[in-house]
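Data block below; observations after.
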Amino acid sequence: MLAKRIIPCLDVKDGRVVKGVNFVNLRDAGDPVELAAIYDREGADELVFLDISASVEGRATMVEVVRKTAGEITIPFTVGGGISSTDDMKRLLRAGADKTGINTAAVTNPQLISDGARRFGSQCIVVAIDARMNPEWGEWEVVTHGGRKPTGLKALEWAKRVEQLGAGEILLTSMDADGTKDGFDLPLTKAVSSLVTIPVIASGGAGKVADFFDVFTEGQADAGLAATIFHYKEIAIPEVKNDLRSKGVEVR
């Protein structure tokens, strides 16, 4: 049984960390390099950086942010947003990222997962899956573009496929829960976690310390990711870890 991981997520736009609810109404949450260094000191196990503007300028900014961050922290970090080729991956890995996250690009070009895994190893390839309940289907659908664009892909089938294609990890975001602080989407997380053998990072909905216990036990996730509650100091990482330890959950 691997120790569970607590992962803050930094949504970076034009070189600044931002946060919103369901990916809208963004507000500034600080400097990514400074925040990364604070999380490293506080005991975060990893970090995820998402370049949410991912324009050409955004990507150039991101490489610089990655380089600066790599010099400030000792924990692994994943960078995603605007990656559409293995050369993009190489650029970020060379700048100091440990893993690269792909989402829309994986949906439009699944071969990118295999190509990245072959070139850099599966451990460097994190496939981000944003899913939303489709009431007509009675199951979850993969969505892209910050949850705005339905893909017609069934989330569970897609999760299984990305594992087969060589992804080393899945970053699973519930678009229904994102930014709500009502707790992680346990049915979605459990459904994906029990279907694949690679680690699943649960994302979307963390609002209180107990939510992490729930997602690790009932949701069967390998890691819990959050943004708002950490950025605005509503909950501290040591608080989450102490609570989990007290309940018998192994953390790093």
Side-chain angles (χ1 to χ4, degrees), residues 4-11 13 18-27 29 48 50 52 54 78 80-81 101-108 126-163 167 169-196 198-232 234-235 240:
K4 304 298 187 183
R5 291 168 289 150
I6 306 297
I7 306 176
C9 178
L10 307 177
D11 291 326
K13 184 176 194 293
V18 294
K19 194 57 200 140
V21 176
N22 301 118
F23 286 75
V24 293
N25 300 326
L26 302 176
R27 53 187 177 141
V48 169
L50 295 178
I52 62 168
T78 300
I102 51 175
N103 184 338
T104 306
V107 171
T108 53
V126 179
V127 173
I129 299 177
D130 294 344
R132 171 174 274 142
M133 176 53 76
N134 180 322
E136 286 174 28
W137 299 353
E139 61 179 293
W140 297 278
E141 181 177 10
V142 176
V143 290
T144 58
H145 298 79
R148 289 186 296 276
K149 199 170 175 186
T151 62
L153 281 174
K154 292 180 175 175
L156 299 184
E157 286 174 12
W158 178 235
K160 195 73 198 149
R161 186 158 176 229
V162 304
E163 177 178 37
E169 201 162 28
I170 289 171
L171 169 52
L172 178 67
T173 301
S174 163
M175 296 306 300
D176 297 312
D178 182 72
T180 62
K181 296 194 203 168
D182 291 334
F184 291 99
D185 188 330
L186 300 177
L188 170 65
T189 308
K190 182 180 180 179
V192 173
S193 297
S194 53
L195 189 67
V196 298
I198 55 175
V200 173
I201 304 167
S203 163
K208 55 188 185 299
V209 172
D211 292 337
F212 288 89
F213 177 78
D214 293 341
V215 84
F216 291 146
T217 52
E218 202 182 320
Q220 299 175 14
D222 298 274
L225 176 143
T228 310
I229 55 170
F230 293 146
H231 299 341
Y232 298 114
E234 293 163 29
I235 296 176
V240 176

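The first residue of the sequence shown is numbered 1, and numbering continues consecutively from there. In this text, all values refer to a predicted model and were calculated from it rather than measured experimentally.
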(request) Drop me the distance from F216's CZ to K4's NZ, to the nearest 0.5 angstrom. (result) 6.5 Å
(request) Output all residues satisfying side-chain contact (heavy atoms from CB on, under 4.5 Å) with A223, sequence neighbours left out; order by chain, then residue number. (result) R5, I7, I201
(request) For residues V196 and V200, report the shortest heavy-atom separation together with the two atoms involved. (result) CG2-CG2, 3.7 Å
(request) Report the residues that fulfil side-chain contact (heavy atoms from CB on, under 4.5 Å) with N134, sequence neighbours left out, ordered by chain and then residue number. (result) E136, W137, E141
(request) Show your working on side-chain contact (heavy atoms from CB on, under 4.5 Å) between V126 and I170 and close with a plain yes or no. (result) CA-CA 6 Å; V126 179; I170 289 171; over 6 Å; no
(request) Indicate whether any N or O donor in one side chain lies under 3.5 Å from an N or O acceptor in the other, for T173 and S203. (result) yes
(request) Taking all heavy atoms of A202 and all of A221, pick out the closest pair and write down the distance. (result) CB-CB, 3.9 Å
(message) Looking at every heavy atom in both I52 and V18, which two are closest together, and how far apart are they?
(response) CD1-CG2, 3.5 Å
(request) Would you list the pairs meeting side-chain hydrogen bond (donor to acceptor under 3.5 Å, both in side chains) in which at least one residue belongs to residues 205-216, sequence neighbours left out? (result) K208-D211
(request) Take L225 and L171, measure what side-chain contact (heavy atoms from CB on, under 4.5 Å) needs, and give me the verdict at the end. (result) CA-CA 9 Å; L225 176 143; L171 169 52; 3.9 Å; yes
(request) Using modelled atom types only, decide if a donor and an acceptor are shared between the side chain of H231 and the backbone of C9 within a distance under 3.5 Å. (result) yes
Side-chain donor-acceptor contacts of residues 184-191 below 3.5 Å, not counting sequence neighbours, with atom names and distances?
unit_1: D185; atom_1: OD1; unit_2: L188; atom_2: N; d: 3.2
unit_1: D185; atom_1: OD2; unit_2: S174; atom_2: OG; d: 3.1
unit_1: T189; atom_1: OG1; unit_2: D185; atom_2: O; d: 2.7

(request) Looking only at non-hydrogen atoms, find the nearest pair between V192 and A159 and report the distance. (result) CG1-CB, 3.9 Å
(message) Restricting to salt bridge (Lys or Arg N to Asp or Glu O under 4.0 Å), what partner residues turn up for K160, sequence neighbours left out?
(response) E163
(request) Answer yes or no: is there a donor N or O on one side and an acceptor on the other, between the side chain of D178 and the main chain of G205, under 3.5 Å? (result) no
(request) For the pair T228 and K181, evaluate side-chain contact (heavy atoms from CB on, under 4.5 Å) and give the outcome as yes or no after the intermediate values. (result) CA-CA 9 Å; T228 310; K181 296 194 203 168; 3.8 Å; yes
(message) Run the side-chain contact (heavy atoms from CB on, under 4.5 Å) test on V107 and V142 for me, step by step, so that the C-alpha distance in whole Å, both residues' side-chain angles and the decisive distance to 0.1 Å come before the verdict.
(response) CA-CA 9 Å; V107 171; V142 176; 4.2 Å; yes
(request) Measure the spacing between CG of D130 and CZ of R148 and express it to the nearest 0.5 Å. (result) 11.0 Å
(request) Spell out, as yes or no, whether a donor-acceptor pair under 3.5 Å connects the side chain of T151 to the backbone of L153. (result) yes
(request) Give the minimum heavy-atom separation between A226 and A206, together with the two atoms involved. (result) CB-CB, 3.8 Å
(message) Using the side-chain contact (heavy atoms from CB on, under 4.5 Å) criterion, which residues pair with A106? Sequence neighbours excluded.
(response) I102, I113, V127, W158
(request) Give, for atom CD1 of I235 and atom CD1 of I229, the distance between the pair rounded to the nearest 0.5 Å. (result) 4.0 Å
(message) Can you list everything that forms a salt bridge (Lys or Arg N to Asp or Glu O under 4.0 Å) with E218? Sequence neighbours excluded, please.
(response) none
(message) On a heavy-atom basis, which atom in V240 and which in F230 lie closest, and how many Å separate them?
(response) CG2-CE2, 4.2 Å
